[in-house]
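Contents: one structure, followed by commentary.
All values below were derived from every heavy atom in this structure, side-chain atoms included, with hydrogens, water molecules and symmetry-related copies excluded.
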Amino acid sequence: MKASALRKAAWSSAKKIRFIPASPSLDGTILAARTAPGIIQKDDIRSGWSASPTYNPHTRLTRRVRGLQNNEVVRALETIVALMEIKDESYYRVLAYQRAAESVGALGRPVREVEDLTTLPHVGGTTAEVIRDLAEDRTPEILAELSGEIPTGLVEVTRLPGVGPRTAGRLWRELDVTSVEEIASLEPGRLSSLKGFGKKSEERILSAAKKYDSHERRMLLDEATALGNRILDFVRSHPATEKAELAGSLRRMKETIGDLDIVAASTDPDSLADAFADAPFADEVLAHGPKKVYIVTNGIEVDLRIVEPEAYGSLLHHFTGGQAHNIVLRERAVKMGINISEYGLAAAGTGEYEPVATEEDLYSRLGLPYIPPELREDAGEIEAGEKGGLPDLIETGDIRGDLHVHTNYSDGKGTIESMAEAAIALGYEYLIFCDHSQSLRVANGLSPDRLKKKMRAVREADEKYGEIHLLCGSEVDILKDGTLDYEDDLLAELDFVVASVHTSFGVGEEAMTRRIVRAMNNPHVRVIGHPTGRILERRDPYAVDVSRLITEAAATDTVLELNSYPDRLDLSVPYVRQAIEAGVKISIDTDAHDEGALSLIKYGVSQARRAWVEKDRVINCMPWNEFEKYLKAGKGPQ
DNA sequence: GCCGTTTTCGGCCCGACTGTTTTCAGTCG
């Protein structure tokens, strides 16, 4: 089996992680991977698992006792994958490790808490043992062996565009190169002296090595959506385009986006492909054929694929992915005697593809109901589809009100009135103003007196607007010891209380967990706001035991927020899914600080969809009369 | 290395483009 095939399977995540160059000891290898700044974020994004804070001796001690967290286990497994690829191990053996990594990444609880790891999809006896070793902070034998044989810096070399495991292996063996830095400093002519390497290859590799940035930023959903739509407009405006859509991870609404994928149906693909390659925004053309064109714009890769209109459904499905979903679906089809490609369906082995025009048709011919893009992650959606057990996913239109918005009383830009009018424009039935509490000075938090004044102002505004119910709440700070930033009798006067952590992030996992749990036990606290405090691409989540928060949320009838701000999306998807399974309710809020931000709700909803959430699990999907009763009833048994 | 609507052994998804070479390996999605 060709090793090249492995790249295809491993591509989805392997290219997206960052690896720390070689380390003298094995423990050093793992340690480097778990503590390097800027690294944890990227893998959090991929795995959705909360990360540890920046390295310090205390956390290291704590974590040595507790073992590696999920994202770290994923990273170690992907390191094994990359090293095995360079070693040219058997394709299916490597694929097994890649799949095991994906299974751990999709897990919504610490892997160390899973009693029987072989219950995870694609995890068998061997990989389970490796995962167990990692989770308990032991170096698995396979990693010890591999990193003893192959310089780990080569893993990063395979991240260079156009350089795969074969090339990385050759550079090491034939030029004694072991890192990206060493490639960048190669004398001109060294690379092109290798058999099969010409001037172009040398130029491409050297230039990539010199420009290499191990902290490459991924786009947030709103940026990716805006850029994607502008480029999509260009594609759609071409006369040869019959239809076109955004595909890839943006269509699946992953929480951050690396590159953009667009599919188009055209009866004149050459002309569309040429126009795209010549587009004014195309800074660089990476590939240009009649069926696909890859360009770079502002540092972002944009891939366009073109097919005949009859095969549009097949192409859209193929290019939407995710890759793991496609592989499992295709394996399943082979068992039914069907081959799937982006051109359609074929009787196995014939190579004669019959085009499929829509995704609904594609799934239907495979005996499955339509699976929404957000679910296509090989996270049980195909099995659920077979059994008729797919969720009836929440939609943005199901949201009846926003429970967490700010005004200019604290750090918002809008007024009570302007925010109310924006909410009315969205068709909301209710809106709750939750400004910051007194101790959060930087956000102009409200003293008790100012809060009371605001309560009166909200009541007056509520009288004024017949179309919407306006309520006064607070986003009250959870102080370091878990007490709240207002006295209970003041909280009792509010219509709604969201409690959040905004300070003292570094107290450690135990203390942070106790702190939030204490807040949950306050009868006035309905919601925990942005429960892990992460800022995507900028700040790791604080250390907290989210599984315990979920258990306590269920016990105290406390709601967990799914914050819709594109740089938060907090809770993250695996946890939301776990919370739902534990019977915990979710609120999807925008945390809007201005009128326009109210429309960010769609990003929160998109993450809820990825977490299989139905609308009856989301408190702000309740119509007003129900929601009013819910508020009056107070929290359930403590 | 994993897995079972054919199976506990023998399978395991599919195609476009590039560079360098004359037939394809490697990379990528």
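Looking at heavy-atom distances under 4.0 Å, A:K199 makes contact with sugar-phosphate atoms alone, never a base. Contact annotation for A:N326: no contact, since no heavy-atom pair falls under 4.0 Å across all strands. Nucleic acid contact for A:E129: none, since no nucleic acid atom lies under 4.0 Å from a heavy atom of the residue.
Neither OP1 nor OP2 of B:dC17 sits under 4.0 Å from any side-chain N or O of A:K292. Between A:S201 and the phosphate of B:dT20, there is a side-chain N or O to OP1/OP2 separation shorter than 4.0 Å.
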Inset, instruction - At under 4.0 Å between heavy atoms, which parts of nucleotides 2-7 of chain B does protein reach? Answer with one letter per nucleotide, 5' to 3': B base, S sugar-phosphate only, - none. - result: SS--SB

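Ring pair A:H317/A:Y363 is perpendicular by interplanar angle, where above 60° counts as perpendicular and below 30° as parallel.
The nearest whole Å value for the distance from the CG atom in A:L191 to the P atom in B:dG19 is 15 Å. In this structure, the NZ atom of A:K291 is 9 Å from the C1' atom of B:dG15, given to the nearest Å. Separating the CZ atom of A:F319 from the P atom of B:dC28 is a distance of 14 Å, rounded to the nearest angstrom. Rounded to whole Å, the distance from CG on A:D303 to C1' on B:dC17 is 12 Å.
Sequence neighbours left out, the pairs with a member in residues 300-316 of chain A that pass side-chain hydrogen bond (donor to acceptor under 3.5 Å, both in side chains) are A:E245-A:Y312, A:R305-A:E342.
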